[in-house]
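Everything numeric in this text was worked out from a predicted model, so none of it was measured. Numbers restart at 1 for each chain; the letters A, B, ... are given by sequence-line order, proteins then strands.
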There are 2 protein chains.
Amino acid sequence: MTLKLVVLYTQPDDPAAFDEHYLGVHMPLVHKIPGLERTETSKFAVALDGGEQTYYRMTELYFADQAAMDAAFGSPEGGATAQDYGQIAPPGSRMFIAASD
Amino acid sequence: MTLKLVVLYTQPDDPAAFDEHYLGVHMPLVHKIPGLERTETSKFAVALDGGEQTYYRMTELYFADQAAMDAAFGSPEGGATAQDYGQIAPPGSRMFIAASD
């Protein structure tokens, strides 16, 4: 079992500008976070349930355990990433911790 | 780039019964789907944004490309899985297709 931080970004006003910041600035900050085992970024394409296209992107950050996640969040690199998240996350974006089975 | 099916299950009335069905019946059906490259299941633990604990579980099913996903959805095993999904997914559960960067 690993722990992951799951971020669900809602639709940005300007998707191209969002992607430029996200891929060019935000993810490079993420990759500096100590103890990060793996990242996965994806872009939602279709709401298969016929509902609203609520989310634009998902980021998953994998950590070995709670201690590693806590240390990452408490690090200067984690703080810089959180600050940048505040700059780019559209209103209604969600952030969860999930445990992989 | 791979394609994934992302399922976000909302909170079930009876989490223990949900898990029993999900892990004991639903995921075994999923694993029979042809062309499935990888699955990841996770359980949400904390809403870090301080918001509602909207989702209970997430399932991610990875496929090589659109053709593989289409074939999987059109297969008898895909149909059996979709039927079982209708049995267990709490109201408001979401299903998306996402492209991994």
Are the side chains of B/V46 and A/F96 in touch, meaning some heavy atoms are under 4.5 Å apart? no
Do A/E40 and B/E40 have side chains that get closer than 4.5 Å, going by heavy atoms? no
Are any non-hydrogen side-chain atoms of B/V7 and A/L48 less than 4.5 angstrom apart? no
Take atom CD in A/E37; do more than 12 heavy atoms of anything else shown fall under 6.0 Å from it? yes
Just wondering, more than 12 heavy atoms not from B/D14 lying within 6.0 Å of its CG? yes
Part of B/E60 within contact of chain A (heavy atom distance under 4.5 Å): side chain
Chain A contact via B/L3 - which portion, at a heavy-atom distance below 4.5 Å: neither
Are side-chain heavy atoms of B/D101 and A/R57 found at a separation under 4.5 Å? yes
Which atoms of B/T54 approach chain A - backbone, side chain, both or neither, heavy atom under 4.5 Å: both
Given that the side chain runs from C-beta out, which part of A/F73 has a heavy atom under 4.5 Å from chain B: side chain, backbone, both or neither? side chain
Chain A contact via B/Y85 - which portion, at a heavy-atom distance below 4.5 Å: neither
Can a donor-acceptor pair be found, under 3.5 Å and without considering hydrogens, that links the side chain of B/R94 to the backbone of A/E52? yes
Exercise: identify the closest heavy-atom pair between B/M95 and A/D49: N-OD2, 3.1 Å
